[in-house]
Protein chains: 2
Amino acid sequence: MLSFSSQYNVITSPLGDGLHKDGKRLTPQRLKVLNLFENIGSGKHLSAEEVHEKLVKSSSKVSLATIYRTLRLLVQMGLLHELELSEGGHRYELLSNDNPDHHHLICIRCGRTEEFENEEVLKAGKVAAKINGFKLIESSLNVRAICPNCI
Amino acid sequence: MLSFSSQYNVITSPLGDGLHKDGKRLTPQRLKVLNLFENIGSGKHLSAEEVHEKLVKSSSKVSLATIYRTLRLLVQMGLLHELELSEGGHRYELLSNDNPDHHHLICIRCGRTEEFENEEVLKAGKVAAKINGFKLIESSLNVRAICPNCI
DNA sequence: GAGGAAAATGACAACAATTAACACAAGGCT
DNA sequence: AGCCTTGTGTTAATTGTTGTCATTTTCCTC
Ligand SMILES: [Mn+2]
Ligand SMILES: [Mn+2]
Ligand SMILES: [Zn+2]
Ligand SMILES: [Zn+2]
């Protein structure tokens, strides 16, 4: 079976680097999951199940358990961001330069999701953390609403 | 068995009124759940399981299924507010005059939760909804952080 | 105060999302 | 290449929540 990288073809990807300096390993499965997010473009919010489906369709079979494990890992590494937009589980999006810190407007009927940036909101999170002596990790504003099509 | 309200003692509670004009019924279970939130005071965020435990401890046994049903009902009626603060399910808090629209600062280690108000954040939600033509329902800012005790 | 239709409850099964266990496979250092 | 350790797939288990259904209760009408 052809493996993605052989010992003669050491690809030094950002993913590989991040993994190796932590005793972790670069696997085809991890690359497939990250590549999916990179190819699909920013602004997409996928569930574990959806990642699984998409990989199966592109004949890159990765088990669902591994997808859950990989999503958690990529979040820990700071490459993905975990969202709680709706019922029915978490969603994940690529963290990248052209996808800055932003917030979400969600239609509670159809799930349509729009993104927006707001400096004041980020500041509000910083201030709240500081006042209470907390160390800030992240702040996320979720706006629940009904989209034009669903009214 | 003594029932909470007999036909001779019709209590016209706000809860009863709200229910009756909708073809729904005032039951001891619904009163117990709402009373729990009213007695515990505002600023408390309880899970369904915690509501269940507290009612069992106060020898007011209500089945867990009924608690889930009742929490959903009270949210629909606008008496409770549903929160997604942490892993492990939803939490609920009383909506009242002395508990205005506010946001949450959550320690990801121990779960300690602080509340804060911020007008700019509410405005940001309104603006985002308006710009996209959505009908606003609510906006909630969750700030994930680490509290002083957990650093 | 009964009688009765409709709604609610409790007990329990089913479900969906996620995690755990473990035998086997594969990555990466030497 | 060989070895050690990490990762994967399969499957079972957990957790939070909802569905089913027989029984009970509310509340409207007389
Ligand atoms: Mn996004
Ligand atoms: Mn609160
Ligand atoms: Zn919609
Ligand atoms: Zn803490």
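Lettering of chains follows the sequences in order, A, B, ..., and the numbering in each one begins at 1.
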message: Please enumerate all residues that pass salt bridge (Lys or Arg N to Asp or Glu O under 4.0 Å) together with B/Glu115, with sequence neighbours excluded.
response: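 So B/Glu115 forms no salt bridge (Lys or Arg N to Asp or Glu O under 4.0 Å) with any residue.
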- prompt: For B/Glu82, what residues pass the salt bridge (Lys or Arg N to Asp or Glu O under 4.0 Å) criterion, not counting sequence neighbours?
  reply: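 Salt bridge (Lys or Arg N to Asp or Glu O under 4.0 Å) list for B/Glu82, sorted by chain: empty.
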Name every donor-acceptor pair, under 3.5 Å, that has one atom in a side chain of residues 118-125 of chain B and the other anywhere in the protein, sequence neighbours excluded.
| residue | atom | partner | partner atom | Å |
| --- | --- | --- | --- | --- |
| B/Asn118 | OD1 | B/Glu120 | N | 2.8 |
| B/Asn118 | OD1 | B/Val121 | N | 3.0 |

Could you tabulate the donor-acceptor pairs under 3.5 Å formed by side-chain atoms of residues 22-32 of chain A, not counting sequence neighbours?
| residue | atom | partner | partner atom | Å |
| --- | --- | --- | --- | --- |
| A/Thr27 | OG1 | A/Arg30 | N | 3.2 |
| A/Arg30 | NH1 | A/Arg25 | O | 2.7 |

task: Quickly work out the B/Leu26 CG to C/dT9 C1' distance and round it to whole Å.
output: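 After rounding, the reported distance stands at 14 Å.
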- request: Check the distance between C/dA8's P and B/Leu15's CG and give it to me in whole angstrom.
  value: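 To the nearest whole Å, that distance equals 12 Å.
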Using atom names, set out every protein N or O paired with an N or O of nucleotides 17-24 of chain D below 3.5 Å, distance rounded to 0.1 Å.
| residue | atom | partner | partner atom | Å |
| --- | --- | --- | --- | --- |
| D/dT17 | OP1 | B/His90 | N | 3.1 |
| D/dT17 | OP2 | B/Tyr68 | OH | 2.8 |

field: C/dG10 OP1/OP2 closer than 4.0 Å to side-chain N/O of B/Gln29
entry: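 Checking B/Gln29 against C/dG10: at least one side-chain N or O falls below 4.0 Å of OP1 or OP2.
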Angle of first-five versus last-five pair axes in the helix from C/dG1-D/dC30 to C/dT30-D/dA1, to 10 degrees: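 Taking five pairs per end, the axes differ by 40°.
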For residues 58-68 of chain B, tabulate all N or O donor-acceptor pairs below 3.5 Å that involve a side-chain atom, not counting sequence neighbours.
| residue | atom | partner | partner atom | Å |
| --- | --- | --- | --- | --- |
| B/Ser58 | OG | B/Lys54 | O | 3.4 |
| B/Ser58 | OG | B/Leu55 | O | 3.2 |
| B/Ser58 | OG | B/Ser60 | OG | 3.4 |
| B/Ser60 | OG | B/Ser58 | O | 3.2 |
| B/Ser63 | OG | B/Thr66 | N | 3.2 |
| B/Ser63 | OG | B/Thr66 | OG1 | 3.1 |
| B/Thr66 | OG1 | B/Arg69 | NH2 | 3.2 |

Test side-chain contact (heavy atoms from CB on, under 4.5 Å) applied to B/Asn97 - qualifying residues, sequence neighbours left out: none
side-chain contact (heavy atoms from CB on, under 4.5 Å) involving A/Leu136 - partner list, sequence neighbours excluded: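 side-chain contact (heavy atoms from CB on, under 4.5 Å) check on A/Leu136 returns A/Lys126, A/Ala129, B/Val143.
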